[in-house]
Amino acid sequence: MRSLLGRLLAVLALLGGATSGWTADRPVPEFSVVRQTVLRHFQAQRDYRPGDLITREAAGPLLAKLKKLGLPLPDEKQLLADIPAENSFLATQLRTPDGRRFMRQIAEYPDAYDRLDRIARLPHGEQTVRDLIRGPDGYKMLQYMTTTPGGRTMGDMLSNAPGAGDFNAATGRVYTADDLLSRLEKSRDASVKAQRKPRRR
């Protein structure tokens with residue numbers, strides 16, 4: 001039986017690492033290890049600061065590294081899809097000198113990237129984002145939207161605009177290392193829970 005199982009696992013490995021999600025005999029790493037790996041990965045990126053927007057291209061190698069550590073990632077494809085691509089509007093705007101300054105001004109506000117992303121989807125929204133980035137106090141609009149009752153009321157009104165959706169709701173996308181850690185923690189906890197379930201005989 002063991003030799004048969006070994007042969008099957010060897011075949012799966014030859015098919016492109018399909019055993020990465022197979023964890024019956026492999027412990028899932030502690031989340032502290034996952035956190036440390038994620039933070040070190042992004043800290044090694046050029047000109048990165050905590051709270052900066054992350055991109056799909058930067059996260060891909062990290063997820064591969066986490067899988068090698070034994071972290072199951074059954075939702076890897078969706079997770080990557082939820083991270084802005086390097087050539088996305090938001091990422092390209094926040095990679096300019098003005099964009100980086102603006103990004104680091106808004107990073108401290110809750111859901112600031114969600115709101116900025118939703119603004120970009122409004123009619124004439126991309127130009128609005130450019131204007132906020134270039135203006136000397138553009139960050140104050142995000143501060144107002146994310147921290148005041150008046151900002152929430154404004155969001156409710158903007159929800160009526162074409163393409164806005166529920167403006168005050170989180171988009172569900174992954175913008176920062178902290179967002180990624182939150183998703184990874186949920187995925188890890190689900191995997192650990194599944195491992196602990198007694199097997200049917």
Side-chain angles (χ1 to χ4, degrees), residues 38-39 41-42 45-63 73-187 189-190:
V38 170
L39 296 181
H41 175 81
F42 287 112
Q45 304 291 313
R46 185 168 175 258
D47 200 23
Y48 172 83
R49 294 184 192 175
D52 281 0
L53 184 82
I54 63 173
T55 64
R56 190 177 303 158
E57 289 76 6
L62 169 63
L63 297 187
L73 288 172
D75 58 343
E76 179 182 8
K77 187 175 180 179
Q78 183 60 54
L79 181 56
L80 283 171
D82 288 338
I83 302 173
E86 192 73 42
N87 63 354
S88 66
F89 174 77
L90 213 58
T92 55
Q93 295 305 306
L94 297 180
R95 289 291 182 267
T96 67
D98 284 343
R100 286 188 184 278
R101 172 185 53 80
F102 177 79
M103 173 174 66
R104 288 162 183 170
Q105 287 171 325
I106 70 170
E108 64 181 282
Y109 304 126
D111 302 319
Y113 290 118
D114 289 81
R115 300 298 175 274
L116 193 67
D117 203 352
R118 289 200 182 275
I119 290 172
R121 300 178 196 185
L122 295 172
H124 311 292
E126 291 189 356
Q127 187 56 51
T128 300
V129 170
R130 292 188 186 98
D131 291 341
L132 289 172
I133 289 173
R134 292 169 186 164
D137 295 320
Y139 72 94
K140 291 183 178 179
M141 177 59 73
L142 275 299
Q143 180 186 34
Y144 178 74
M145 284 184 163
T146 58
T147 64
T148 70
R152 184 161 189 86
T153 300
M154 178 187 290
D156 289 336
M157 295 171 66
L158 287 170
S159 295
N160 297 317
D166 184 350
F167 192 87
N168 288 319
T171 63
R173 302 187 74 195
V174 176
Y175 300 103
T176 66
D178 282 343
D179 291 341
L180 179 59
L181 282 167
S182 180
R183 289 278 289 270
L184 291 172
E185 185 171 24
K186 289 177 183 177
S187 179
D189 289 349

### Query
Of all heavy-atom pairs between G51 and A107, which one has the smallest distance, and what is that distance?
O-CB, 3.7 Å
### Task
Answer yes or no: is there a donor N or O on one side and an acceptor on the other, between the side chain of D179 and the main chain of T176, under 3.5 Å?
yes
### Task
Return the minimal non-hydrogen interatomic distance between L73 and L63, and the atom names on each side.
CD1-O, 3.6 Å
### Message
Set out, in order, the CA-CA distance, both residues' side-chain angles and the distance that settles side chain to side chain contact (heavy atoms under 4.5 Å, CB included) for T128 and D131, then state yes or no.
### Response
CA-CA 5 Å; T128 300; D131 291 341; 5.5 Å; no
### Query
Between S187 (side chain) and R183 (backbone), is there a donor-acceptor pair under 3.5 Å?
no
### Task
Under the side chain to side chain contact (heavy atoms under 4.5 Å, CB included) rule, what do L181 and E185 come out as? Steps first, then yes or no, please.
CA-CA 6 Å; L181 282 167; E185 185 171 24; over 6 Å; no
## Note on the structure
Smallest heavy-atom separation, L90 atom then Y113 atom, equals CD2-O, 4.5 Å
### Query
Listed by chain and number, what are the ring pair (Phe, Tyr, Trp, His ring centres under 6.0 Å) partners of F167, not counting sequence neighbours?
none
### Query
Rounded to the nearest 0.5 Å, what separation is found between the CG atom of L116 and the CG atom of D111?
12.5 Å
### Query
Just by modelled atom types, is the G155 backbone N or O under 3.5 Å from a matching donor or acceptor in the S159 side chain?
yes
### Message
I need the N87 CG to R56 CZ distance, nearest 0.5 Å.
### Response
8.0 Å
#### Entry: Minimum side-chain heavy-atom gap R95-E86 below 4.5 Å
yes
#### Entry: Beyond-backbone contact of F89 with R130, side-chain heavy atoms, under 4.5 angstrom
yes
### Task
Please name the pair of heavy atoms, one in V174 and one in L79, separated by the smallest distance, quoted to 0.1 Å.
CG2-CD1, 4.0 Å
### Task
Report yes or no: does R101 contribute a side-chain atom to a donor-acceptor pair with the main-chain N or O of I133 at less than 3.5 Å?
yes
### Task
Taking S88 for its side chain and A85 for its backbone only, find out whether a donor-acceptor pair lies under 3.5 Å.
yes
### Message
To the nearest 0.5 Å, what is the distance between CD1 on I83 and CD on Q78?
### Response
10.5 Å
### Task
Enter the distance from R115:CZ to L158:CG here, rounded to the nearest 0.5 Å.
10.5 Å
### Query
From E126 CD over to Q93 CD, what is the distance, rounded to the nearest 0.5 angstrom?
7.5 Å
### Task
Report yes if some heavy atom in the side chain of F42 is under 4.5 Å from a heavy atom in the side chain of D52; otherwise report no.
no
### Summary
CD of Q105 to CG of D137, rounded to nearest 0.5 Å, is 8.0 Å
### Query
Which residue, L94, L53, D47, forms the side-chain contact (heavy atoms from CB on, under 4.5 Å) with R100?
D47
### Message
If we count only N and O atoms by modelled type, under 3.5 Å, do the side chains of Y175 and D117 hold a donor and an acceptor together?
### Response
yes
### Query
P162 and P123: which non-hydrogen atoms are nearest, and at how many Å?
O-CD, 3.5 Å
### Task
Check for a donor-acceptor pair, side chain of R121 on one end and backbone N or O of A164 on the other, with a separation under 3.5 Å.
no
### Task
Test L62 against L180 for side chain to side chain contact (heavy atoms under 4.5 Å, CB included), laying out the working first.
CA-CA 11 Å; L62 169 63; L180 179 59; 3.7 Å; yes
#### Entry: Residues L132, I106; criterion side chain to side chain contact (heavy atoms under 4.5 Å, CB included); working and verdict
CA-CA 11 Å; L132 289 172; I106 70 170; over 6 Å; no
### Task
Determine, for D114 against R173, whether the closest basic-nitrogen to carboxylate-oxygen distance falls under 4.0 angstrom.
no
### Task
Could you tell me which non-hydrogen atom of A58 sits nearest to which non-hydrogen atom of P61, and how far apart they are?
O-CD, 3.6 Å
